[in-house]
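Input: a single structure, listed below in structure tokens.
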2 protein chains.
Amino acid sequence: MTPLRRNVLALLVRAGEPIKAYDLLDQMRSEDGSAKPPTVYRSLDFLMDVGLAHKVEALNAYIACAHCHDKGGAELYICGKCGSVDERHGAPEPRNAPDGFETERSVVEHYGLCAKCR
Amino acid sequence: MTPLRRNVLALLVRAGEPIKAYDLLDQMRSEDGSAKPPTVYRSLDFLMDVGLAHKVEALNAYIACAHCHDKGGAELYICGKCGSVDERHGAPEPRNAPDGFETERSVVEHYGLCAKCR
DNA sequence: CTGCGCATGTGATATTATAACATAACGTAG
DNA sequence: CTACGTTATGTTATAATATCACATGCGCAG
């Protein structure tokens, strides 16, 4: 874990909700000035590799992992109104899977309204 | 359903696996010549609205719906080797959901190896 | 005919992400 | 200590994905 990566993680944590790569980049630039796209994408890739961050595929955005399990995909409940994300782990999919399919990675994202925003 | 939209749907069906918007566009251009990005994106949006196509979020690609249920998100099993997609419907998520969360739309994509490719 | 609503055409541009190559930082073998 | 390999970062450019904004056409209700 390098200072750069730690900084990216801190920004993700501070955001508290999904944040776009280029918004992260803007925040980095306001301190550093020299940040460029590969800087932020490389740090995000690293953080996702080690399980400290997730990509929200349907939003093209990124969040800090709330569980730090380091393995196993998260299940995300994303409120479309307030932007909050509730992250759950370990939900064993109902094995609706085709016979013999071997899952390596799952993307599970639910969009809707959280209890507060209903 | 217009000729344009029917054509896009036909191309999706013909592809038989997830296809990128710009690959669709290339195929359209090879017949039509005048197709442009909004042409294909508008048709895709329409097809997704009426449930005849899905976006594979983690691939930024699109597929024809194999069930035509018109409502309710699909659950996709995507083979990383041969590219085949097995589409399942009606899997009730194990309701690992936060209390009071009201889901409007779900994205469920499983990546791995299909039975044939293992 | 006229006006309205929707679909499409067209050019430009915004957003998201990666390629390719250069430089630096850091540990380890010799 | 020094040379070297490996990993991380800097830098420039560009690719890939998606949308905006405005013009045009087309069918139909009034």
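Protein chains get the first letters and strands the later ones, always in sequence-line order, with residue 1 at the start of each. It should be emphasised that the depicted structure is a prediction, and the values quoted were computed from it without experimental measurement.
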Spacing between [X] atom [atom1] and [N] atom [atom2], to the nearest angstrom:
X: B/Leu47; N: C/dA7; atom1: CG; atom2: C1'; result: 14 Å
X: B/Lys36; N: D/dT17; atom1: NZ; atom2: C1'; result: 18 Å
X: B/Leu4; N: D/dG25; atom1: CG; atom2: C1'; result: 14 Å
X: B/Arg5; N: C/dG9; atom1: CZ; atom2: C1'; result: 14 Å
X: A/Leu24; N: C/dT15; atom1: CG; atom2: C1'; result: 15 Å
X: B/Leu44; N: D/dA16; atom1: CG; atom2: C1'; result: 15 Å
X: B/Glu57; N: D/dT17; atom1: CD; atom2: P; result: 13 Å
X: B/Asp26; N: D/dA16; atom1: CG; atom2: P; result: 10 Å

> Given that A/Lys20 and B/Ser43 both sit by DNA chain C, which one's nearest nucleotide is further toward the 5' end?
Replying inline: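 Residue closer to the 5' terminus by nearest nucleotide: B/Ser43.
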
>> Between the side chains of B/Glu57 and B/Arg105, is the shortest nitrogen-to-carboxylate-oxygen separation below 4.0 Å, so that they form an ion pair?
In response: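 Salt bridge flag = yes for B/Glu57 with B/Arg105.
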
To the nearest 0.5 Å, tell me how far [X] [atom1] sits from [Y] [atom2].
X: B/Leu113; Y: A/Thr103; atom1: CG; atom2: OG1; result: 9.5 Å
X: B/Glu87; Y: B/Ile78; atom1: CD; atom2: CD1; result: 10.0 Å
X: B/Leu4; Y: B/Ser43; atom1: CG; atom2: OG; result: 3.5 Å
X: A/Arg14; Y: A/Leu24; atom1: CZ; atom2: CG; result: 10.0 Å

>> So, OP1 or OP2 of D/dT9: does either fall under 4.0 Å of a side-chain N or O from A/Thr2?
In response: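 Answer is yes, contact under 4.0 Å.
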
>> Does any part of the side chain of B/Val107, heavy atoms only, come nearer than 4.5 Å to the side chain of A/Tyr111, both counted from C-beta?
In response: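 Yes, side chains in contact.
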
> In B/S/- notation, 5' to 3', how is nucleotides 17-28 of chain C contacted by protein heavy atoms closer than 4.0 Å?
Replying inline: BBBB--------

> On DNA chain D, nearest-nucleotide positions of A/Phe46 versus B/Leu59: which is more 5'?
Replying inline: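 Closer to the 5' end of DNA chain D: A/Phe46.
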
